Amino acid sequence: MAIQVVNQSHSFWEQKSQGKAKSASGSFGDELSATLGKSGEKAGEDIASGKESTPENKRLSVEEIMQMIQSRKSEILEKVKKGETEPVIQIGGQAYTEKQWKRMLESFDDSEKDIKDMIREAIEKYKKEQAERAEQTEEA
């Protein structure tokens with residue numbers, strides 16, 4: 001789903017999503033769906049019964065958009081107050097929390113160790129083959 005600005009009149013449109021709808025309770029997308037007139041309960045019932053429907057493109061007012069943004073800001077503020085947020089490390093186009101960053105570095109270190117082990121084994125194998133060839137040439 002994407003929201004785009006049309007000209008300078010600040011008209012907002014929801015584009016039809018393609019494929020299956022994702023269900024995540026309490027998400028910004030659910031709030032957007034609710035604002036568009038499709039309640040979260042009805043959406044949950046539709047998904048559970050296999051009657052997923054894609055809403056038609058509907059025009060959103062500036063007030064509705066501002067209300068959604070304000071409620072999302074409130075959610076974020078509550079998370080910060082409760083200490084449920086983590087610092088984020090920005091790396092190029094990617095951003096990682098400290099926990100994700102540590103996990104990624106551990107994974108990288110493990111991969112690097114595996115590669116070093118494979119190189120060591122390949123060198124040992126090469127040395128053995130060279131020693132065997134040297135013995136065969138001495139015998140001949």
Side-chain angles (χ1 to χ4, degrees):
M1 172 172 47
I3 298 175
Q4 59 185 167
V5 177
V6 179
N7 296 334
Q8 293 297 330
S9 64
H10 299 291
S11 297
F12 295 94
W13 296 88
E14 177 202 8
Q15 293 181 351
K16 280 182 150 182
S17 61
Q18 297 180 2
K20 292 189 176 184
K22 293 183 181 177
S23 172
S25 60
S27 72
F28 187 70
D30 289 343
E31 191 172 335
L32 182 60
S33 294
T35 304
L36 292 172
K38 184 175 183 179
S39 70
E41 292 174 12
K42 175 112 172 77
E45 292 170 5
D46 288 348
I47 291 171
S49 66
K51 297 179 183 177
E52 291 183 41
S53 62
T54 307
E56 295 296 321
N57 289 346
K58 296 182 182 181
R59 187 176 183 143
L60 300 175
S61 69
V62 174
E63 291 82 22
E64 290 172 325
I65 297 293
M66 295 307 290
Q67 181 184 9
M68 287 188 297
I69 292 171
Q70 182 58 39
S71 66
R72 183 68 176 149
K73 286 168 63 177
S74 298
E75 288 176 22
I76 292 170
L77 181 62
E78 285 300 315
K79 283 185 176 181
V80 169
K81 285 181 181 178
K82 291 179 182 178
E84 296 175 353
T85 59
E86 291 185 47
V88 176
I89 300 169
Q90 184 75 34
I91 305 294
Q94 302 265 334
Y96 300 97
T97 63
E98 286 184 8
K99 192 181 289 184
Q100 291 171 329
W101 180 250
K102 286 179 183 176
R103 216 176 311 138
M104 196 236 353
L105 285 179
E106 288 172 3
S107 172
F108 181 81
D109 290 342
D110 291 343
S111 298
E112 188 176 38
K113 183 182 177 223
D114 291 343
I115 291 171
K116 284 181 181 180
D117 290 342
M118 288 173 33
I119 290 172
R120 252 188 241 116
E121 290 173 7
I123 290 172
E124 289 173 9
K125 184 178 176 182
Y126 178 76
K127 286 180 180 179
K128 285 181 184 177
E129 289 175 359
Q130 290 299 322
E132 289 175 5
R133 286 184 188 163
E135 287 177 11
Q136 289 176 356
T137 55
E138 288 176 5
E139 292 175 2

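Only this structure's heavy atoms are used, side chains among them; waters, hydrogens and symmetry mates stay out. Only a predicted model underlies this, so the values are computations on that prediction, with no experimental measurement involved. Along the sequence shown, residues carry numbers from 1.
Counting heavy atoms from C-beta on, the side chains of K73 and Q70 come closer than 4.5 Å.
Taking both residues in full, the closest heavy atoms of Q90 and A95 are given as OE1-CB, 3.4 Å, listed atom of the first, atom of the second, then distance.
To the nearest 0.5 Å, atoms CG (L77) and NZ (K82) are separated by 11.0 Å. Within the model, atoms CD of Q136 and CZ of R133 stand 8.5 Å from one another, a figure rounded to the nearest 0.5 Å. A distance of 11.0 Å separates CZ in R59 from CD in E64, rounded to the nearest 0.5 Å. Between atom CD of residue E132 and atom OG1 of residue T137 there is a gap of 12.0 Å, rounded to the nearest 0.5 Å.
Every residue two or more places apart in sequence or in another chain was checked for a salt bridge (Lys or Arg N to Asp or Glu O under 4.0 Å) with D109, and none qualifies. Contacts of Q130 classified as side-chain hydrogen bond (donor to acceptor under 3.5 Å, both in side chains), with partners at least two apart in sequence or in another chain: Y126.
With respect to R103 and E106, no salt bridge is recorded, no charged nitrogen being found less than 4.0 Å from a carboxylate O. A salt bridge does not link K113 to D110: none of the charged side-chain nitrogens sits closer than 4.0 Å to a carboxylate oxygen.
I91 belongs to a hydrophobic cluster whose other members, connected by ILVMFWY side-chain contacts under 4.5 Å either directly or through intermediates, are I89, Y96, W101, M104, L105.
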Please assess I76 against R72 for the test side chain to side chain contact (heavy atoms under 4.5 Å, CB included), listing each intermediate value before the final yes or no.
CA-CA 6 Å; I76 292 170; R72 183 68 176 149; 4.3 Å; yes

